[in-house]
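Just below is one structure, and these are the notes that go with it.
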Number of protein chains: 4
Amino acid sequence: MSNKYEEIAQAAIKLFEQKGYHATSVQDIADEVGLQKGSLYHYISSKEELLMKITQQSISGFNRRLEKIIETQVSAKDRLILAIQNHVVSVAANLEMTTVLLREALSLEPEHHTVIKNETDRYLSLWAQIIDEGVKAGEFKPGNSRLIALAILGSCNWVYRWYQEGGKLTPEEIGSYFAHIFIDGIKK
Amino acid sequence: MSNKYEEIAQAAIKLFEQKGYHATSVQDIADEVGLQKGSLYHYISSKEELLMKITQQSISGFNRRLEKIIETQVSAKDRLILAIQNHVVSVAANLEMTTVLLREALSLEPEHHTVIKNETDRYLSLWAQIIDEGVKAGEFKPGNSRLIALAILGSCNWVYRWYQEGGKLTPEEIGSYFAHIFIDGIKK
Amino acid sequence: MSNKYEEIAQAAIKLFEQKGYHATSVQDIADEVGLQKGSLYHYISSKEELLMKITQQSISGFNRRLEKIIETQVSAKDRLILAIQNHVVSVAANLEMTTVLLREALSLEPEHHTVIKNETDRYLSLWAQIIDEGVKAGEFKPGNSRLIALAILGSCNWVYRWYQEGGKLTPEEIGSYFAHIFIDGIKK
Amino acid sequence: MSNKYEEIAQAAIKLFEQKGYHATSVQDIADEVGLQKGSLYHYISSKEELLMKITQQSISGFNRRLEKIIETQVSAKDRLILAIQNHVVSVAANLEMTTVLLREALSLEPEHHTVIKNETDRYLSLWAQIIDEGVKAGEFKPGNSRLIALAILGSCNWVYRWYQEGGKLTPEEIGSYFAHIFIDGIKK
DNA sequence: CATGAATGAGCCTTCATTCAT
DNA sequence: TATGAATGAAGGCTCATTCAT
């Protein structure tokens, strides 16, 4: 996993985000890093492997960070707030990679797609776990924790579709606002 | 816009949803409707036009329905509830077409993409408008209405990624639950 | 299996014989029939399929003809003579196709290769059967019929490596001579 | 011609036999000897040169051995028997190399191919010479010595296509049997 | 001697689109 | 309308060979 591989992966992330996986040719990636098309294959074994590794890395990061938050010794409510803030901030900080994960995972071959799907399902379960613990602790109303998790994840993931660096709000502010919405609701 | 065109569009929707736009060949569509590849071109002018019309139709539907809800003579809160329920139910009822809209719009040529983008922006504005009216009416807390709209839309759009017909909850129930979450929050 | 397919197959046979399967590109075949490379794929599904069909057709012909000879109501000796003459004449008459069969079969994918291998094994068994019947009838000395068949087939197949149209001897003469050698030997 | 070259040549023989010349990559050979692809080129000048040297060595061996047999002071018949036995035993003893010679020679560039072709023609002439001498000595019937040589060579070469070590018959037994067939024929 | 990065040409195949029939 | 032959560009990938280190 040389330095050059990292360069290639970065080029791929950028191009996959800009044009989409299918619309990005290996030639495009080669041009971006200043190599011949064939030379790329010293570093990668296929275009799809590139996509796989990118999505893998992305979802792993999300899982790792959420696990850390879950271990935190604060109230469930605070853990949920942290999780929301962290997710939104991560999406913004890794906008291209997250976009590739959320938009291109289904371009993976079935077997690779399954791997990502499983990690994604696990991520959802971790969110539901936080909510369940909040209910158990009497911090949240009893409810369908998986459905709540899906609502929260929907909002937080969607950020990749509209967030722009340099906008009026920082990712931290967006995250806080979202946490506030989910916890307190919007009614007066 | 003959009857045959509708048949072709339906086939395209189904296949674009199943395999993705790029992975669906014109041959696939022809096979699905029982025509030869060449014959399709009596009805369509290009594969991309098919995608354009599908996404166009989908976003138009969302806008049309939301406009109708906005005109309803009930409280802002009830209009928001209606809007959420309606959106979720529509996603579920037109799962394939909505998936194509939300997932494949960026496969459109830039000029077409812009058209869809504009209608999508308009849809967001309509949501923000409802929220603003709720705030003005004292029903909702003052806040960043566009951000709230993005949160709600994120949750509601995301449904296309996980909803499955025949699941435990009906689309109506999911919509109600989501409305409840956003209006009341999840804290006890 | 249009007329054009036959044209393509003929071109392939000619080129595979001249340059070998691997050294023949799809471009070469396309050039030979005056089509674009991509246009070939209206008629074939892959280059390998072309090789498969050619070898299949070739070995089938050999089996079919030998079966007919076996059914002939003449002495085993005469059937063997007929078989040798027929094989040599067939090799000469279908020199290119036979060359492809005998030289390129191992370029087939394992699964296709197995099919050809099985038919080839069957061909050998038919030869051994003739010899066994000759032994039983007291026309041939008892012996290892399979080994004798391999000796005869070796000589007769090898013809593809040296036969040239317009040479001093006709295929019929070569066949007769070979039959004579195997039946009578060369000693005075 | 270092020791390493011999190692590389052996690897090439093995791989060319197993997968065919075209299907064997320089990488395959490098892997087999535990070198990097680029390092091979300290020992060889091209992949084709490797094939050339292998086939050269193989055909030279056949010619050398046959010349020695021709010089033997025994009857023509015995010399023929020796030649057949020797050829079959050599094929079996150098199965891989012989396979490469007989199967891959046409993968050589035209100029190299010509060299091998000439040595092969010479080999055939040596066989015909033995037969001619047998005829002159009254041991064999008068006949087309070249055609007889081709028949014998066909049988004996073909052995490379079916011989398997550890079979029921030893190469010596096969050679003797073949000699017997050609000299005496199979008729009772 | 050995490495491994890089080349550049070539390979088989796919595909949206056109058009004569 | 419908066909299906044909196009031509592009795609992902392989590979023998070179060369600076």
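Atom set for the values below is all heavy atoms of this structure, side chains included, hydrogens, waters and symmetry mates excluded. Residue numbers begin at 1 in each chain, while the letters A, B, ... track the order of the sequences.
Judged by distance alone, the side chain of E32(C) and the main-chain N or O of A11(C) form no donor-acceptor pair under 3.5 Å. Judged purely by atom type and a 3.5 angstrom limit, S58(B) has no side-chain atom pairing as donor or acceptor with the backbone of I54(B). Between the side chain of T55(A) and the backbone N or O of M52(A) there is at least one donor-acceptor pair closer than 3.5 Å. K19(A) places no side-chain N or O within 3.5 Å of a backbone atom of S25(A) that could act as its donor or acceptor partner. Of the possible polar contacts, one joining the K47(D) side chain to the T24(D) backbone as a donor-acceptor pair under 3.5 Å is found. When atom types are taken as modelled, the side chain of E48(C) and the backbone of E109(C) share a donor-acceptor pair closer than 3.5 angstrom.
Among the nucleotides dC13(F), dT3(F), dA16(E), the one closest to any side-chain atom of L35(B) is dT3(F).
Taking atom NZ of residue K4(D) and atom P of nucleotide dC1(E), one finds them 11 Å apart after rounding to whole Å. Taking atom NZ of K19(B) as the reference point, atom P of dT14(E) lies 12 Å away to the nearest angstrom. Taking atom CG of L50(C) as the reference point, atom C1' of dC11(E) lies 16 Å away to the nearest angstrom. The distance from atom CD of E49(C) to atom C1' of dT13(E) is 13 Å, rounded to the nearest whole Å. The interatomic distance linking K37(D) (NZ) with dA20(F) (C1') rounds to 17 Å, in whole Å. Following rounding to the nearest Å, H22(D) (NE2) and dA16(F) (P) show an atom-to-atom distance of 10 Å. If you measure from atom CD1 of I8(B) to atom C1' of dA2(F), you get 12 Å, rounded to the nearest angstrom. Separating the CD1 atom of I44(B) from the P atom of dC15(E) is a distance of 15 Å, rounded to the nearest angstrom.
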Practice problem: Both distances under 3.5 Å, Watson-Crick or G-U wobble: on that basis, could you give the dot-bracket string for DNA chain F, with [ ] for crossing pairs and | for other-strand partners? | Solution: .||||||||||||||||||||
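Checking the phosphate oxygens (OP1, OP2) of dT1(F), no side-chain nitrogen or oxygen of Y41(B) falls inside 4.0 Å. Contact annotation: S39(D) side-chain N/O to dC1(E) OP1/OP2 distance is not under 4.0 Å.
Contact annotation for L40(A): no contact, since no heavy-atom pair falls under 4.0 Å across all strands. Backbone-only contact: T24(A) has heavy atoms under 4.0 Å from sugar-phosphate atoms and none from a base. Within 4.0 Å (heavy atoms only), S25(D) reaches sugar-phosphate atoms of the nucleic acid but no base atom.
Map G38(C) and Q36(A) each onto its nearest nucleotide of DNA chain E; the residue landing nearer the 5' end is Q36(A). Taking for each of Q27(B) and D28(C) the nucleotide of DNA chain E with the nearest heavy atom, the 5'-most of the two is the partner of D28(C). If V26(A) and H42(B) are placed on DNA chain F by their nearest nucleotide, the residue sitting closer to the 5' end is H42(B).
Checking K117(B), M97(B), E119(B) one by one against I59(B), the side-chain contact (heavy atoms from CB on, under 4.5 Å) holds for a single residue, E119(B).
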